[in-house]
Amino acid sequence: MISIAEQLKDLFSQALVAFMGEEGRNVDPLIRPAGEERFGDYQSNVAMSLAKRLGAKPRDVAAKIREHLLAEPTATELCESFALAGPGFINIRLSAGWMAGQLAAIPAAAPRGADRLGIEPVAAPQTVVVDYSSPNIAKQMHVGHLRSTIIGDVIARVIGFEGHRVIRQNHVGDWGTQFGVLCAHLKEKMPTALDRPADVHLADLEAFYREASLRDEEDAAFHERARAEVVALHNQDESTLRAWRYIVDESRRHYLPVYQRLGVLLTQADERGESFYADRLADVVAWFERARQITAPAGLFPDGAMLRVEESDGALCIFFVTASGEPMFKNPQGKPFPMIVRKSDGAFLYATTDLAAVRFRVFELGADRVIYVTDARQAQHFEMVFTAVRAAGWTSREAGSAEVKLDHVTFGTILGEDRKPLKTRSGENVRLADLLDEAVRRAEAMIRANEADPDKRRGFSEAEIRDVAEAVGIGAVKYADLSQNRQVDYVFSWDRMLAMEGNTAPYLMYAYARIRSIYRKGAGDNRGEWSVESGDRGQATEDRKQATGVVITLTEPAERMLGRQILRFAETIESVAAGLRINLLTDYLYELAGLFMKFYEQCPVLRAGTDEVRASRLRLCDLTARTMRSGLDLLGIRVVERM
RNA sequence: GCGCCCGUAGCUCAGCAGGAUAGAGCACCGGUUUCCUAAACCGGGGGUCACAGGUUCGAAUCCUGUCGGGCGCGCCA
């Protein structure tokens, strides 16, 4: 299936060619969803944009285009009417019969995660590297890691759904000076960890890190030993490597369960930390040192900007200069602000690692696109890295080949209700594990309160209560974040994210559970073919029959709106992927759930007047549920059968 | 000082590849349950889209400036 918007675009393109010749092929038909329901389903604004160019009145242009549309059988099959309105809008009303046919043609369900709802993968798949989460490994994961982890995960899923080859890269901080400190501290405080690493565990990584840092600050002799450990680490000293490995392994024991609980796809196999690039850094720096001066290839920047590689105060720097000799970046003193790639003491920094990582991703992983999901504060850093590698020619694998696209996806800070960065009462970072515990605890309390109310009781078992609480709690935290425009800071609020009203995970999950309930009630004579597999836990599918033979009718307004919304899933994913704007997907799902609720109120399913209507409505329920499940799955959020 | 992001209803936020009378949720007021999950649904009030110019047939959306807020700006990441 191709999205409705794409199909309309094609129809209008044909009409524009018929109207104005080949030139019309390059005109964007400006298809948009109708601004208001009474105007129809979609509208084209092309006539007004064309009028001046053609020296004609917009209404006349619109009328001409409409004539050509009406002469095209495909157009009249898809659309019931093309109406001229206002200054020159063409209002499009889709044919209910055509929409019903599109819906009926959606193939039977595949298991969760593989259900495409008939949506075709892209014709030309790319290799896309998504760099996300990337915690500093020696510390416990905290709220600061939440957004990168879940936003990046959704981007990876959406791009994968589109049909691209996705390579996840968890660029963990597992190298650098802090590891010297940690290794030195470990060797002295827990020598047994080196001999029997499997038997000794660090209960509190954060405390260990703090202890070590404190000693480093206060104890000069220790500080020296820590520096020596950094050198030993770089020189592959066996005992230091053992200490380092121990710390990295212990860290994994803490963060991998957090990933699993969050329902993100990252595994240990996706981990490609700073240490991985350690032995490539010298070469990267040598490359720039040899180049000395690089003029950017034409078209990359305005007017041939260049890089100058120079030592400054003993550090090796890349300076960015415009064609007119002005620095592209300045420090507060107005002096050129460079990217330092080697410190005066000879050590490398994160900029060096990032340069090495681009080179690795482009030339060894074969990336056509690299997406970095890190907070907005690093925008300037990545601007520099991207500028440098583009100028260096590292963004095209061979001369003349397509530029590798580099995207920095930024996001704001999570704030407390006091509008300051979210902290615990004692002013510390909120641990992610604690945050998730709290979310589940609150969800569980809500469920238990309902179970205590005779009118609301579902009769859940203890296991079900815990399972639903887990899904609702985690889902709420993720959804609240993902439904924001990611660029802005966002205010964290338990009450809002766990509310049943409004654009929240519990609301969507409730809508899904309602659909499921219909099927439980109507079990035995599933004319609508319940084809959605239940939740995560891999419950067997008794019935996954091909849903052929069911005729869908969209007569009631609520049916028509619901059906149309289901068909818009394809174009929603297109928009999400195009702008990496996840909240377009949450908005879509919220609207879908709302339209289902209205349908549910207005159109009896099991008690429908005729068998045909009943079967048609069951099929609409089925498609709604599958779309919701797939959409939530792209958000990494699990659905439950009952709530 | 320079750069990036932001300013939309009392609150939290959508909308910003220009398009018709600017939308949700919360809060507030009112209604709906012999009927498939009322954790729901329906209705109502509430706006100088920070401000001022400009481009355009048309601007919350694009451009310029002002004000206000956040973040970044040399050897941490």
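Each chain gets a letter, A, B and so on, in the order the sequences are listed, and its residues count up from 1. Excluded from the calculations below are hydrogen atoms, water molecules and symmetry mates; all remaining heavy atoms, backbone and side chain alike, are included. On a predicted model such as this, the values are computed, not experimentally measured, just so you know.
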In whole angstrom, give me the gap between the C1' atoms of B:A9 and B:G1.
-> 37 Å

Quick one: which of B:C13, B:G1, B:C75 gets closest to the side chain of A:P332?
-> B:G1

For A:N91 and A:M500, take the nucleotide of RNA chain B holding the closest heavy atom to each; which residue's nucleotide lies nearer the 5' end?
-> A:N91

Euclidean distance for C1', B:U34 against B:G15 (whole angstrom) = 43 Å

What interatomic distance, in whole Å, is found between C1' of B:U61 and the corresponding atom of B:G19?
-> 11 Å

Closest to the A:P604 side chain, choosing from B:C36, B:G72, B:C6 = B:C36

Nearest-nucleotide pick for A:M446, side chain only, options being B:A39, B:G19, B:A14 | B:A39

For A:Q487 and B:C6, is the shortest distance between a side-chain N/O and OP1 or OP2 below 4.0 Å?
-> yes

According to a strict under-4.0 Å criterion, is A:R419 in side-chain N/O contact with OP1 or OP2 of B:U12?
-> yes

Counter-base of B:A50, judged by Watson-Crick or G-U geometry with both distances under 3.5 Å = B:U66

Determine the Euclidean distance between corresponding P atoms of B:G25 and B:C41; express it in Å to zero decimal places.
-> 9 Å

Hey, is the side chain of A:R581 poking within less than 4.0 Å of OP1 or OP2 on B:C16, counting only N and O atoms?
-> yes

Can a side chain N or O of A:Y42 be found less than 4.0 Å away from OP1 or OP2 on B:G19?
-> no

Taking the six-membered ring of A:Y42, is NZ or CZ of A:R568 closer than 6.0 Å to its centre and within 45° of its axis?
-> yes

Kindly confirm whether the side-chain ring of A:F39 is stacked on the base of B:A20, judged by centres under 5.5 Å and planes under 30°.
-> yes

B:U33 -> Watson-Crick or G-U wobble partner, both distances under 3.5 Å, gives none

Look at A:E559 together with A:R617 and state whether they make a salt bridge at an N to O cut-off of under 4.0 Å.
-> yes

From CG of A:D453 across to P of B:U33 the rounded distance in Å is 19 Å

Do we count A:Y507 as stacking onto B:A39 if the rule is ring centres under 5.5 Å and planes under 30°?
-> no

Counting only Watson-Crick or G-U wobble pairs whose two distances fall under 3.5 Å, which nucleotide matches B:C73?
-> B:G1

Of the candidate nucleotides B:G74, B:C75, B:A24, which contains the atom at the shortest distance from the side chain of A:Y590?
-> B:A24

How far, in whole Å, is B:A60 from B:C16 if one measures between their C1' atoms?
-> 7 Å

Please determine if A:R147 and A:D375 form a salt bridge, counting it only when a charged side-chain N lies under 4.0 Å from a carboxylate O.
-> no

Under 4.0 Å between a side-chain N or O of A:N45 and OP1 or OP2 of B:G18?
-> no

Under 4.0 angstrom between A:R32 side-chain N/O and B:G18 OP1 or OP2 | yes

Work out which heavy atom in A:F386 is nearest to a heavy atom in A:H408; give both atom names and the distance.
-> CE1-N, 3.8 Å

Is the shortest side-chain N/O distance from A:N583 to OP1 or OP2 of B:C13 below 4.0 Å?
-> no

On RNA chain B, check which nucleotide each of A:G35 and A:D313 is closest to and give me the residue with the more 5' one.
-> A:G35

P gap between B:C26 and B:C42, integer Å | 11 Å

A:K343 atom NZ is separated from B:G74 atom P, nearest whole Å, by 15 Å

A:R638 with A:D467: basic N within carboxylate O range, under 4.0 Å | yes

Quiz item: cation-pi between A:R272 and A:F276, 6.0 Å / 45° = yes

Would you state whether a donor and an acceptor, one from the side chain of A:N503 and one from the base of B:A24, lie under 3.5 Å apart?
-> no

A:I447, nearest nucleotide to its side chain (from B:A39, B:A40, B:G74) | B:A39

From the list B:A39, B:A20, B:G74, which nucleotide is the closest neighbour of the side chain of A:Q43?
-> B:A20

With distance as the sole criterion, do the side chain of A:D455 and the base of B:A39 form a donor-acceptor contact below 3.5 Å?
-> no

Using a cut-off of strictly less than 4.0 Å, decide whether A:K598 has a side-chain nitrogen or oxygen near OP1 or OP2 of B:C42.
-> yes

Could you give the distance separating B:C63 and B:C4 at their P atoms, to the nearest angstrom?
-> 11 Å

To the nearest Å, give me how far apart CG (A:N485) and P (B:G70) are.
-> 19 Å

From the options B:C13, B:A40, B:C36, select the nucleotide whose nearest atom is closest to the side chain of A:V491.
-> B:C13

Do the charged groups of A:R448 and A:E444 touch, with an N to O distance under 4.0 Å?
-> yes

Nucleotide of B:A40, B:G74, B:G72 approaching A:R377 most closely (side-chain heavy atoms) | B:G72

For B:A20, which nucleotide is its Watson-Crick or G-U wobble mate, given both distances must be under 3.5 Å?
-> none

Pairing partner of B:G10 (Watson-Crick or G-U wobble, both distances under 3.5 Å) = B:C26

Euclidean distance, atom CG of residue A:L584 to atom C1' of B:G15 [Å, nearest integer] | 10 Å

Value in whole Å for how far the P atom of B:A40 lies from CZ of A:R516 | 22 Å

Ionic contact status for A:E451 with A:K456, cut-off 4.0 Å = no

Could you tell me how the ring of A:H234 sits relative to the ring of A:W175: parallel (under 30°), tilted (30 to 60°) or perpendicular (over 60°)?
-> tilted

To the side chain of A:Y510, which of B:C36, B:U56, B:A39 is closest?
-> B:A39

For nucleotides B:A22 and B:C49, find the distance between their P atoms and express it as a whole number of Å.
-> 10 Å

Selected nucleotide, minimal atom distance to A:L349 side chain, candidates B:G74, B:U21, B:A77 = B:A77

Is there a donor N/O on one and an acceptor N/O on the other, under 3.5 Å, for the side chain of A:S49 and the base of B:G19?
-> no

